[in-house]
Amino acid sequence: MNLTMLNPQQRLAAETLEGPVLILAGAGSGKTRALTYRAANLIDHGVKPWHILCLTFTNKAAGEMKRRIATLVGEETEDAWISTFHSSCARILRRDIEKIGYSRSFAIYDDDDTASVLKGILRQLKIDEKYLSIKEMKGRISAAKNKLLTADEWFAQSERDYRSQIIHDVFCQYEQRMKTLNALDFDDLLMKTLELFADHPPVLESYRDRFQYVMVDEYQDTNYAQYSLVNLLTSQSRNLCVVGDDDQSIYGWRGADIRNILDFEKDYPDATVIKLEQNYRSTANILDAANQVIAHNEERKDKSLWTEKAAGEPISVFCAEDERAEAGWIASKIRHLNLGGAALGEMAVLYRGNAQSRVIEETLMRSGIPYRVFGGMKFYERREVRDVIAYMRVIANPSDDISLTRIINVPKRAIGDSTVQELTRHAQEQQMPLFSALTDLPDTLSVRPRKCVTDFFALMSELMLAQTTQPLDQWIDTLIEKTGLRKQYETEDTDEARNRIENIDELVGAVHEFVQKNPEATLGDYLENIALVTDLDSREENGGYVTLMTMHSAKGLEFPYVFMSGMEEGVFPSGRSSNSPERLEEERRLCYVAITRAMKKLFMSHARRRTIYNTPNYNAPSRFLEEIPGRLTKDESIAQLDEMERSRTRGAARASRPATVRPAAVMRPGDPLSIPGVQKGFVRSESRGLNVKTPMPTLREGDRVMHRKFGEGIVLSTRGTGSDTMARIRFIAYGDKELALSLAPLVKLEE
DNA sequence: GAATAAATTGTTTTT
DNA sequence: CAATTTATTC
């Protein structure tokens with residue numbers, strides 16, 4: 001194996017093949033490279049690929065690793081398991097879950113599905129949602145499962161008060177219901193695998209024999225269940241190599257336990273510890289900022305990243321009037337980067353919460369900048385897509401009542417709520433799945449609904465039969481055709497309907513593609529594939545669009561140009577973390593993750609006024625901004641004014657006729673630019689005399705202008721002459737406005 | 001049973 | 001505010 005491409009630490013990581021290994025890999029330190037070389041080196045040393053297990057958190061990371069190992073060792077990697085925790089567990093369970101009393105055709109339920117299950121239970125137990133919400137219940141169950149606690153065990157360690165009893169009841173019902181539905185939630189995938197191993201030692205033994213070399217990526221994000229799984233598999237071979245960075249632990253709220261990585265050396269006193277501290281990604285300025293921010297955390301392993309790269313450009317910081325102006329600044333910067341030769345695919349706008357994306361989206365759309373939003377409403381969460389999938393799921397697993405109730409009246413076929421309730425009640429009495437109630441009809445049902453239900457059952461039978469006779473790609477066409485799922489939108493002449501048709505077609509296309517890639521694939525294979533996939537996995541690098549995503553989703557990615565928006569107290573760090581030092585440290589780690597995504601240039605922005613739930617908020621700049629030394633930043637809120645001033649003087653000097661002098665523009669109370677409490681940015685303008693008379697710019701169609709409040713815009717048209725000239729201007733962030741040139745604080749921008 | 005109007009309610013992050 | 005859920009009318 002040629003390891004000369006690696007630095008000494010990476011090389012040590014790739015060469016330490018036996019025994020426990022801890023690789024502490026800082027951001028951008030080439031950890032994937034070290035890991036892939038290590039896997040390749042194992043194979044090079046005669047380890048058979050099927051003895052290797054690589055566990056990651058995302059499909060994307062797994063795919064990337066698989067691809068890179070393949071290029072190093074050729075096509076021999078097919079037999080190695082390189083996949084996410086969840087899909088590895090699903091694969092193990094598909095084989096042997098019958099040993100613990102489930103059917104192998106089990107469905108994997110996502111958040112929406114489990115919420116429906118819980119909703120039904122809360123309704124049945126007549127529990128007021130205000131007393132115990134679905135959201136809380138989901139959280140409780142997930143947290144318990146992450147700690148491998150059953151409902152009873154959870155109750156035993158709870159306060160055991162009345163409310164805990166209720167929670168316990170719901171928890172028990174949930175478990176029971178999931179079993180009759182033949183469904184597993186995400187956490188079950190791990191927990192049931194461990195249950196299988198605990199109850200059936202020979203199964204565990206077979207996997208221990210198989211996986212003699214185990215590697216775990218992002219170890220700082222493992223929860224107790226994942227930790228247990230890994231340690232159970234490797235307790236004999238002791239060939240466990242984990243990679244991670246305690247500074248990038250950002251999933252604590254989801255049960256990830258940072259102690260798993262902090263205590264690795266306690267778990268394995270003989271572990272080889274390797275630190276990767278050279279960063280290959282970011283400029284020195286960016287790295288310096290990241291180091292300075294994270295240094296404010298108490299609980300962390302001591303390490304510091306360094307780089308050979310030059311200082312690079314300073315970090316641009318911008319204080320905007322409100323979130324629209326912030327978005328306008330971002331759009332303006334993106335446009336200028338793009339004009340300067342940078343591809344849109346090299347840029348990412350990051351934010352703390354998905355809700356923040358909307359204003360940015362609107363602004364980018366208005367300025368004609370192509371973008372794609374990742375996270376948020378995912379493709380597989382669209383209603384029409386879920387409807388198609390629900391059909392597929394019922395056909396693969398007729399016990400899946402949740403999916404069946406979803407589609408029983410989609411498209412509309414006159415099976416209304418009351419009929420469904422009748423059927424559900426009957427099924428429950430007879431202890432059978434809802435699907436069986438479609439043939440075994442309750443006597444109470446009247447003639448009309450009876451016919452509708454029978455017709456529906458005939459349709460489903462037909463589809464089930466077709467599924468056994470047709471290849472999957474042909475069958476999906478049959479499904480769309482016979483159900484009329486596409487047709488229901490064809491008659492509708494709205495953008496929404498067209499969009500839904502587009503999504504259905506895209507899903508059908510995806511199935512066809514899946515069959516192309518896996519000719520032997522069954523319906524079950526396809527369903528499994530989509531159950532564990534997210535839209536993050538579909539991101540193409542260097543696409544011709546700007547990437548919009550949360551800071552969490554950005555982990556593991558890198559972009560030459562990164563915008564961190566909403567750098568405000570209460571937004572980032574999130575208001576919910578302010579009362580807990582641990583949570584604040586996690587927010588800071590998130591900030592560290594976000595900063596270290598940037599390769600060449602980082603932009604940070606905050607808004608003085610931000611509208612949240614329709615109420616204006618005035619937030620102070622984020623503490624994280626203050627944790628970055630001033631020598632690394634450049635305040636663009638002032639720079640923008642400088643630019644205005646420069647353009648103005650230039651414009652005035654060049655003006656062939658005497659500049660029109662206009663009366664002093666006086667700031668009035670209530671003017672958005674003079675809200676009390678301003679510390680940064682535009683308030684400086686007063687001291688810099690920007691509010692006094694300025695020459696009226698001569699503008700023509702197509703000119704780019706900068707407005708003090710509205711930011712950048714393009715002149716659409718002008719009318720009138722002299723001091724009465726009015727210009728219609730399309731602002732990036734604020735849309736079209738008609739302004740009097742003699743009054744508006746406008747300057748022409750030089751291209 | 002379906003279409004429409006009214007009312008409610010929520011916002012971190014996600015494999 | 002917008003999206004979802006519930007009430008009302010046909």
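Lettering follows sequence order; numbering is per chain, from 1. Note that the structure is predicted; figures quoted are calculated from it, not measured.
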> What's the CG-P distance between A:Leu532 and B:dT14, to the nearest Å?
Replying inline: 17 Å
>> Nearest whole Å is fine: how far is C:dT4 C1' from A:Arg383 CZ?
In response: 11 Å
> Where the side chain of A:His552 is defined as all heavy atoms beyond and including C-beta, which of B:dT13, B:dA3, B:dT11 is the nearest nucleotide?
Replying inline: B:dT13
>> Of the listed nucleotides (B:dT11, C:dA2, B:dT13), which one gets closest to any side-chain atom of A:Arg358?
In response: C:dA2
> Salt bridge or not for A:Asp257 and A:Arg259, using N-O below 4.0 Å?
Replying inline: yes
> Which nucleotide in the set B:dT13, B:dG1, B:dT11 lies at the smallest distance from any side-chain heavy atom of A:Arg576?
Replying inline: B:dT11
> Does a side-chain N or O from A:Lys130 land closer than 4.0 Å to OP1 or OP2 of B:dT9, or not?
Replying inline: yes
> Given that A:Arg448 and A:Thr56 both sit by DNA chain B, which one's nearest nucleotide is further toward the 5' end?
Replying inline: A:Arg448
>> Between C1' on B:dT14 and CG on A:Asn223, what's the gap in Å once rounded to a whole number?
In response: 13 Å
>> Distance check needed: B:dG1 C1' versus A:Lys451 NZ, whole Å only.
In response: 17 Å
> Mapping A:Ser553 and A:Ile415 onto DNA chain B by nearest heavy atom, which one lands closer to the 5' end?
Replying inline: A:Ile415
> Which whole-number value in Å describes the distance from A:Arg254 CZ to B:dT14 P?
Replying inline: 8 Å
>> How many whole angstroms separate atom CG of A:Asn59 from atom C1' of B:dT14?
In response: 13 Å
>> Between A:Tyr592 and A:Asn297, do the side chains contain a donor N or O and an acceptor N or O under 3.5 Å apart?
In response: no
> What closest approach, in Å, do A:Ala90 and A:Leu532 show between heavy atoms, and which atom pair accounts for it?
Replying inline: CB-CD1, 4.3 Å
>> Looking at A:Arg68 and A:Glu64, is any side-chain nitrogen of the basic one under 4.0 Å from a carboxylate oxygen of the acidic one?
In response: yes
> With a centroid cutoff of 5.5 Å and a plane-angle limit of 30°, would you call A:Tyr251 stacked on B:dT13?
Replying inline: no
> Of all the choices, B:dT14, B:dT11, B:dG1, which nucleotide is nearest to the side chain of A:Thr419 once you look at every atom?
Replying inline: B:dG1
> Between B:dG1 and A:Asn409, is there an OP1 or OP2 to side-chain N/O distance shorter than 4.0 Å?
Replying inline: no
>> The side chain of A:Lys412 is closest to which nucleotide in this list: B:dT14, B:dA2, B:dT11?
In response: B:dA2
> How would you label the contact of A:Tyr613 with the nucleic acid (heavy atoms, under 4.0 Å): base, sugar-phosphate, or nothing?
Replying inline: base
> NA contact type, A:Lys60, heavy-atom cut-off 4.0 Å: base, sugar-phosphate, or nothing?
Replying inline: nothing
> Do A:Tyr109 and A:Asp400 have side-chain N/O donor and acceptor atoms under 3.5 Å apart?
Replying inline: yes
> A:Ala355 near the nucleic acid: base, sugar-phosphate alone, or nothing, with a heavy-atom cut-off under 4.0 Å?
Replying inline: base
> A:Ser574 side chain N/O closer than 4.0 Å to the phosphate oxygens (OP1, OP2) of B:dT13?
Replying inline: no
> A:Lys119 side chain: which of B:dG1, B:dA2, C:dT5 is closest?
Replying inline: C:dT5
>> Does B:dT14 have its OP1 or OP2 closer than 4.0 Å to a side-chain nitrogen or oxygen of A:Thr550?
In response: yes
>> Could you tell me how far apart A:Ile134 (CD1) and C:dT5 (C1') are, to the nearest whole angstrom?
In response: 12 Å
> When you check the gap from the basic side-chain N to the acidic O, do A:Glu218 and A:Lys31 get nearer than 4.0 Å?
Replying inline: yes
>> Output the rounded distance in Å from CZ (A:Arg589) to P (B:dT13).
In response: 18 Å
